[in-house]
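We number each residue from 1, following the sequence as shown. Only heavy atoms go into these numbers, but all of them, side chains included; no hydrogens, no water, no symmetry mates.
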Amino acid sequence: MTPKEIRKLDDEALALELKETRSKLFDLRMKAVTDKVDDSSQFGKLRKDVARMKTEMTARRKPVAS
């Protein structure tokens, strides 16, 4: 997901998307242990998506100092 797409989500949708992305990352890790992963670049993409979502959640919690 792009940062622009993440910003468009409301708080509930963002939390749900974060949970789903973490689940995908976990499943990918489990697949790597048991089988061969077809596209290993998915690890980095999913980790970056999780980081983007967590960053947006943190930014929404903190008031912007002027």
Donor-acceptor contact present, side-chain Glu5 to main-chain Thr2, <3.5 Å: yes

Apart from Leu28 itself, residues in the same hydrophobic cluster as defined by side-chain heavy atoms under 4.5 Å: Leu25, Val37, Phe43, Leu46

same_hphob_cluster(Phe26, Val50) at 4.5 Å side-chain heavy-atom cutoff: no

Glu20 atom CD: more than 12 heavy-atom contacts under 6.0 Å: yes

Glu56: partners by side chain to side chain donor-acceptor pair (under 3.5 Å), with sequence neighbours left out: Arg60

Pairs involving residues 46-55, ordered by first then second residue, that meet salt bridge (charged side-chain N to carboxylate O under 4.0 Å, His left out) (sequence neighbours left out): Asp49-Arg52

Atom of Glu17, atom of Met1 and distance for their closest heavy-atom approach: CG-SD, 3.6 Å

From Thr21 atom OG1 to Met53 atom CE, the distance as rounded to the nearest 0.5 Å: 3.5 Å

